[in-house]
2 protein chains.
Amino acid sequence: MPLNEEQLQQKRDERREQILSAALKVFARRGLIGTKMSMISEEAGISQGLMYRYFTSKDELFITLVERAIQGSIEGTKQIHQMPGSPLEKLTRLTEIILDEDGQLYFLLMHQVRTSDDVPEKAKALLEYASMDVYVDMLKPVFEEGQKNGELAEGDISELISCYFTVISGLMTLNIPKTQGFQLPRVELLMRMFTRL
Amino acid sequence: MPLNEEQLQQKRDERREQILSAALKVFARRGLIGTKMSMISEEAGISQGLMYRYFTSKDELFITLVERAIQGSIEGTKQIHQMPGSPLEKLTRLTEIILDEDGQLYFLLMHQVRTSDDVPEKAKALLEYASMDVYVDMLKPVFEEGQKNGELAEGDISELISCYFTVISGLMTLNIPKTQGFQLPRVELLMRMFTRL
DNA sequence: GTCTATAGCCAGATAGAC
DNA sequence: GTCTATCTGGCTATAGAC
């Protein structure tokens, strides 16, 4: 019983996802240069040659993942507006999600792009869509409300949000789960930076 | 006029330092694998071949720098006991120094060792000397005094110090000076995590 | 002591068998 | 569609000229 065209396409998409998922795991930890195609194919359980039927090069594979990482981080941050509770509760919840979530792999990937010179030009260009300003603008309404109701610290809003994202980014970048000795600070401790004294 | 043995040795040491300094700059940003010997030799302004007269391999060069990084970070942290002022003032001052200083390159190097698998076994082993416990123990007296005089937040001291170093490490790792958009948070903002409300 | 040229190895990408 | 075998280029480390 032969498969129809749609089924074939679906199988092809699944395999593509399988490769992307394996590649994300390896790229995030090891970076573009530190990753050999053989590592990805092994992680995906297929041969090296086969990957080139789905992606024309290591760079293309990498760039595809960077696109997803940026989109995912923006979508994730937007979630805060659907959350219940006061501004401080929202911020606390968002922080817990970010630090917990396995979106960490995408976070590390974006860090690779930011700090490495050996990354394709296109990946660098894509990162413009994830500038600090983008995130600051998304969180601004929440911080404004929090300042108004007295929960959040006074002061320049952009500076506060920028501080928030910088600290969170730093923590994510340390890749703590696997790093001996370091342990993720409790969210309540972190929040003290932004709450009214 | 020929140089005597001591002068020759000194000239040799200078060249060695010149190579080490160049190597630190490149390794810290690009990691062991991302760095080609030609990059280091170019940064140092010498030929590739010459480096092998001073270091037997890329790995040896890397390990030498890791040793220095660990020693430097410990020495630096110890400084806090020589500082003037109250515990909170000492901690603030230490933080400013760490974030400011060009010891950042050493910081990044240690991060490379922690997170990369492609680093020589010996470098990994050396990092044991820079475990979180080592730093916690160094800062313990200062935090104890700060809690006693009411400047610092109450709570488990090890957790507070560990949080402190984790956040600082994260910020250093982001390599902010060169990273567009990110900016180092003001130290006073960071300190709010540890001061009494 | 320093440089240039090269040997040897390793990994990305391709070709061709099944 | 998938795998194995191979081509090709680039980088570490060495050899040899000056």
Side-chain angles (χ1 to χ4, degrees), chain A residues 1-23 26-27 29-65 112 116-123, chain B residues 1-20 22-23 26-27 29-65 116-123:
Chain A
M1 171 157 104
L3 299 169
N4 64 32
E5 200 172 313
E6 191 181 333
Q7 286 170 318
L8 280 173
Q9 185 58 41
Q10 189 187 336
K11 246 187 118 48
R12 201 181 150 75
D13 286 348
E14 276 171 24
R15 174 122 294 182
R16 217 182 123 89
E17 289 304 318
Q18 177 190 3
I19 294 172
L20 281 166
S21 164
V26 188
F27 278 139
R29 268 191 54 67
R30 312 184 56 110
L32 181 62
I33 298 193
T35 298
K36 312 186 192 328
M37 289 300 260
S38 60
M39 294 172 180
I40 299 175
S41 65
E42 194 179 344
E43 177 77 34
I46 59 173
S47 72
Q48 305 169 38
L50 186 54
M51 289 195 298
Y52 289 91
R53 295 276 165 189
Y54 292 85
F55 297 91
T56 62
S57 67
K58 192 162 92 159
D59 276 7
E60 193 211 335
L61 187 45
F62 187 80
I63 288 170
T64 305
L65 286 169
Q112 303 282 2
S116 171
D117 290 339
D118 306 308
V119 134
E121 204 48 52
K122 175 146 187 213
Chain B
M1 171 158 106
L3 300 169
N4 64 31
E5 201 171 314
E6 192 181 332
Q7 286 168 318
L8 280 172
Q9 185 58 40
Q10 190 189 335
K11 246 186 119 47
R12 200 179 152 77
D13 286 348
E14 276 171 22
R15 176 124 288 188
R16 216 181 123 90
E17 290 304 318
Q18 177 190 3
I19 295 173
L20 281 167
V26 189
F27 277 140
R29 267 190 55 68
R30 311 183 58 107
L32 180 62
I33 299 194
T35 299
K36 313 192 188 323
M37 290 299 261
S38 60
M39 295 172 180
I40 299 175
S41 66
E42 194 179 341
E43 176 77 34
I46 59 174
S47 72
Q48 306 168 37
L50 186 54
M51 289 196 297
Y52 290 90
R53 296 273 164 192
Y54 292 85
F55 297 91
T56 61
S57 68
K58 191 163 91 159
D59 277 8
E60 193 210 334
L61 186 47
F62 187 80
I63 289 169
T64 305
L65 286 169
S116 169
D117 291 338
D118 307 308
V119 133
E121 204 47 54
K122 177 148 185 208

query: Considering the terminal five base pairs at each end of the helix from C:dG1-D:dC18 to C:dC18-D:dG1, what angle separates the two local helix axes, rounded to 10°?
result: 10°
message: Go through it in stages, so that I can follow the logic: the residues are B:K11 and B:R15, the test is side chain to side chain contact (heavy atoms under 4.5 Å, CB included), and I'd like the CA-CA distance, side-chain angles, deciding distance and then a yes or no.
response: CA-CA 6 Å; B:K11 246 186 119 47; B:R15 176 124 288 188; over 6 Å; no
- request: Report which part of the nucleic acid A:F55 touches: base, sugar-phosphate, or nothing (heavy-atom distance under 4.0 Å, all strands).
  value: nothing
- line: A:T35 meets the side-chain contact (heavy atoms from CB on, under 4.5 Å) criterion, sequence neighbours left out, with A:V26, A:F27, A:R30, A:I40
statement: Quick note, ring-ring contact (aromatic ring centres under 6.0 Å, His included) partners involving residues 33-56 of chain A, not counting sequence neighbours, are none
query: Between D:dT2, D:dC3, C:dC3, which nucleotide gets closest to the side-chain atoms of A:Y54?
result: D:dT2
task: Round to a whole Å and report the spacing from CE of A:M51 to C1' of C:dA11.
output: 11 Å
query: Does the B:Q18 side chain pair with the main chain of B:A44, one donor and one acceptor, at a distance under 3.5 Å?
result: yes
Dump the pairs, protein N or O against N or O of nucleotides 11-15 of chain D, anything under 3.5 Å, distances to one decimal.
from, atom 1, to, atom 2, distance (Å)
D:dT12, OP1, B:T35, O, 3.4
D:dT12, OP1, B:M37, N, 3.2
D:dT12, OP1, B:K58, NZ, 3.4
D:dT12, OP2, B:M37, N, 3.2
D:dA13, OP2, B:Y52, OH, 2.8
D:dA13, OP2, B:K58, N, 3.2

task: Under the salt bridge (Lys or Arg N to Asp or Glu O under 4.0 Å) rule, collect the residues that match up with A:E17, sequence neighbours excluded.
output: A:R68
message: Are the side chains of A:L50 and A:R53 in contact, using a 4.5 Å heavy-atom criterion?
response: yes
- request: Could you grab the distance from atom CG of B:D117 to atom CG of B:L32, nearest 0.5 Å is fine?
  value: 12.0 Å
- line: Here the salt bridge (charged side-chain N to carboxylate O under 4.0 Å, His left out) pairs for residues 33-42 of chain B, sequence neighbours left out, are none
